[in-house]
Amino acid sequence: MNIGVLASGGDGAGMNMFLYTLVKSLKKHNFTLFKFGYKGLIEDLVCDFDLPYLKSKCLDGGVCIKTSRCPEFTTKQGQIKALETLKKHNIDVLVVMGGNGSLKGAKSIASKGVKIIFVPCSIDNDVSPSKYAIGFDTACDACVKYIKNVQDTMLSFDRLCIYEVMGRDYDAIAQKVGEKVDADYIYTDKSNINDCVKYLQNTQKNAPIVILQENLVNIEDLANDISQKLNREVKFCVIGYFQRGGTPTVNECKFAKQFADVCAKQIKDGLTDDLIFIKYDCGSVLTMAIN
Ligand code: ADP
Ligand code: F6P
């Protein structure tokens, strides 16, 4: 069988582990690794990687076949070019690693007759209906490590600090990290400054922690507001891309391998539906057809 693979949208640790495990499990099949996601389909960009190379990358963060955000793929012309490339390579099934935006893209080409297996990958963990997306555990772990280091010095001064974490439209990282570091306040789209200040006034901690989900308020303005209202010094840190890279955690590797095993089995068993979604739910990795 000719299997195409691409990575689209935000990357996450564990994607290389997924790719290596998949290619290793399906050694007898032919792989075309498209470079830069949907852009690679449009422009016919492929990677010439063998199994030993993929193995050498499996504990690296990022994604070795590269990803992109590709506005052209949302257009009819872009999708026609992508379909031509898939035809040129005689692709029988395309494995798409991506987040919820990439899933929309996968749906639109599946509706044109391309067989697709979609694998949820997003540090935001926002690819419904899967309860887990590759990259989330490592991103949370990186945030916790970062905060621990900064808190060591915050504690020496009894300083309050706000930490901004990623999560474009979804607060999963903020909630998980907030819980792990025992944050005094988790600032999400349901929050407001008065509520935040009320919690901080009541905290017993010398160096209180606020976790802020990105894209909601300006962190510097928030720090100044809280500082004025509490009459104390407030520091802030934007964790940023630090949380998107790094060695996948043990749990991440476990998820990535399980997702790859289920994906490989689905390919071996044959595909009757156009779009198969791999999801984690109730402790298991399963497949479901999306229409
Ligand atoms: P993620 O997959 O991580 O959520 P994006 O939202 O940026 O990342 O989506 C990745 C890519 O998926 C986009 O750059 C685009 O190529 C494709 N995509 C997103 N939304 C659509 C859509 N409605 N139709 C077709 N393709 C889409
Ligand atoms: O989708 C994952 C994510 O890391 C979001 O949390 C963040 O808002 C976005 O990607 C940033 O994307 P980019 O690196 O393309 O600016």
Side-chain angles (χ1 to χ4, degrees), residues 1-12 14-16 18-19 22 31-47 62-136 166-170 172 215 244 256 259-260 262-263 266-267 271-280 287-291:
M1 221 197 275
N2 287 327
I3 305 164
V5 187
L6 64 82
S8 165
D11 60 323
M15 291 171 80
N16 286 327
F18 169 86
L19 181 61
L22 182 73
F31 276 87
T32 304
L33 306 177
F34 291 100
K35 198 173 180 182
F36 292 118
Y38 293 132
K39 178 179 155 73
L41 286 190
I42 292 172
E43 298 179 18
D44 191 10
L45 310 171
V46 295
C47 304
V63 58
C64 64
I65 59 173
K66 301 185 187 286
T67 184
S68 70
R69 309 218 188 248
C70 177
E72 194 186 347
F73 190 71
T74 60
T75 67
K76 199 175 162 198
Q77 297 89 313
Q79 289 184 11
I80 289 171
K81 286 190 212 162
L83 292 169
E84 281 167 4
T85 305
L86 288 167
K87 204 164 171 202
K88 178 185 155 193
H89 290 275
N90 288 317
I91 298 299
D92 299 305
V93 54
L94 178 67
V95 177
V96 175
M97 299 185 261
N100 55 16
S102 305
L103 178 58
K104 290 181 199 152
K107 281 179 184 163
S108 54
I109 47 167
S111 71
K112 294 174 181 78
V114 179
K115 296 250 181 284
I116 296 190
I117 302 188
F118 189 86
V119 184
C121 298
S122 165
I123 66 161
D124 294 353
N125 203 20
D126 60 350
V127 197
S128 179
S130 184
K131 297 275 164 29
Y132 191 78
I134 293 172
F136 177 63
M166 282 184 168
R168 191 173 46 181
D169 307 307
Y170 201 58
N215 291 334
R244 213 157 76 182
F259 277 53
V262 169
C263 184
Q266 182 69 66
I267 291 172
L271 294 130
T272 43
D273 298 286
D274 283 340
L275 179 53
I276 297 288
F277 182 86
I278 303 207
K279 69 169 181 175
Y280 176 76
T287 57
M288 67 177 272
I290 293 186
N291 298 308

> Which heavy-atom pair separates Val119 from Phe18 by the least distance, and what is that distance?
Replying inline: CG2-CZ, 3.5 Å

> Got a sec, which residues hit side chain to side chain donor-acceptor pair (under 3.5 Å) with Thr85, two or more places apart in sequence or on another chain?
Replying inline: none

>> Evaluate Ile267 against Val95 for side-chain contact (heavy atoms from CB on, under 4.5 Å), listing each step before the verdict.
In response: CA-CA 10 Å; Ile267 291 172; Val95 177; 4.1 Å; yes

> How far apart are the closest heavy atoms of Ala256 and Gly14, and which atoms are they?
Replying inline: CB-O, 3.4 Å

> Roughly how far, to the nearest 0.5 Å, is the CD1 atom of Ile91 from the CG atom of Leu83?
Replying inline: 12.5 Å

>> Can you list everything that forms a side chain to side chain donor-acceptor pair (under 3.5 Å) with Ser130? Sequence neighbours excluded, please.
In response: none

> Which residue pairs pass the ring-ring contact (aromatic ring centres under 6.0 Å, His included) test with at least one member in residues 74-99, sequence neighbours excluded?
Replying inline: Phe34-His89

> Quick one: salt bridge (Lys or Arg N to Asp or Glu O under 4.0 Å) partners of Lys35, sequence neighbours excluded?
Replying inline: none

> Who passes side chain to side chain donor-acceptor pair (under 3.5 Å) against Tyr280, sequence neighbours left out?
Replying inline: none

> Around Tyr170, counting heavy atoms of other residues, nucleotides and ligands shown, do more than 12 lie under 6.0 Å from its OH?
Replying inline: no

> Do Asn125 side-chain atoms and Ala172 backbone N/O form a donor-acceptor pair below 3.5 Å?
Replying inline: no

>> For a side-chain contact (heavy atoms from CB on, under 4.5 Å) check, start with the C-alpha distance between Phe136 and Ile123, then their side-chain angles and the critical distance, and finish with the verdict.
In response: CA-CA 4 Å; Phe136 177 63; Ile123 66 161; 5.7 Å; no

> Distance from Leu45 atom CG to Ile65 atom CD1, nearest 0.5 Å?
Replying inline: 12.0 Å

> Looking only at heavy atoms, what is the nearest atom pair of Gly78 and Ile42, with distance?
Replying inline: O-CG1, 3.5 Å

> Which residues satisfy the salt bridge (Lys or Arg N to Asp or Glu O under 4.0 Å) test with Lys107, sequence neighbours excluded?
Replying inline: none

> Hey, mind stepping through Thr32 and Ile3 against side-chain contact (heavy atoms from CB on, under 4.5 Å) and telling me if it holds?
Replying inline: CA-CA 6 Å; Thr32 304; Ile3 305 164; over 6 Å; no

Distance-only check: which donor-acceptor pairs under 3.5 Å involve side-chain atoms of residues 109-118, not counting sequence neighbours?
| from | atom 1 | to | atom 2 | distance (Å) |
| --- | --- | --- | --- | --- |
| Ser111 | OG | Ser108 | O | 2.7 |
| Lys112 | NZ | Gln79 | OE1 | 3.1 |
| Lys112 | NZ | Ser108 | O | 3.1 |
| Lys115 | NZ | Asp274 | OD1 | 3.1 |

>> Before you tell me yes or no, could you show the steps for Val46 and Leu33 under side-chain contact (heavy atoms from CB on, under 4.5 Å), namely the whole-Å CA-CA distance, both residues' side-chain angles and the distance that decides it to 0.1 Å?
In response: CA-CA 6 Å; Val46 295; Leu33 306 177; over 6 Å; no

>> Check whether Ser8 reaches the backbone of Gly98 with its side chain - one donor and one acceptor, N or O, closer than 3.5 Å.
In response: no

> Can you list the residues that meet the salt bridge (Lys or Arg N to Asp or Glu O under 4.0 Å) rule with Asp44, with sequence neighbours excluded?
Replying inline: Lys88

>> Can you list everything that forms a ring pair (Phe, Tyr, Trp, His ring centres under 6.0 Å) with Phe73? Sequence neighbours excluded, please.
In response: Tyr38

>> Can you give me the closest heavy-atom contact between Val127 and Ala133, atom names plus distance?
In response: CG2-CB, 4.1 Å

>> Considering only residues two or more places apart or on different chains, which pairs with a residue in residues 65-77 satisfy side-chain hydrogen bond (donor to acceptor under 3.5 Å, both in side chains)?
In response: Glu72-Lys81

> Got a second to check how far Met97's CE is from Met15's CE, nearest 0.5 Å?
Replying inline: 5.0 Å

>> Determine whether a donor-acceptor pair (N or O, by modelled atom type, separation under 3.5 Å) exists between the side chain of Asn16 and the backbone of Cys64.
In response: yes

> Which heavy atom of Cys263 sits nearest a heavy atom of Leu22, and at what distance?
Replying inline: SG-CD1, 3.7 Å

> Will you find, in the side chains of Asp126 and Asn100, an N or O donor that is under 3.5 Å from an N or O acceptor?
Replying inline: yes

> By salt bridge (Lys or Arg N to Asp or Glu O under 4.0 Å), which residues pair with Asp11, not counting sequence neighbours?
Replying inline: Arg244

> Nearest heavy-atom pair of Leu41 and Leu94: which atoms, and what distance?
Replying inline: CD1-CD2, 4.1 Å

>> If the condition is ring pair (Phe, Tyr, Trp, His ring centres under 6.0 Å), which residues does Phe31 pass it with, not counting sequence neighbours?
In response: none

>> Quick check for you: to the nearest 0.5 Å, what is the distance between Cys121 atom SG and Leu103 atom CG?
In response: 11.5 Å

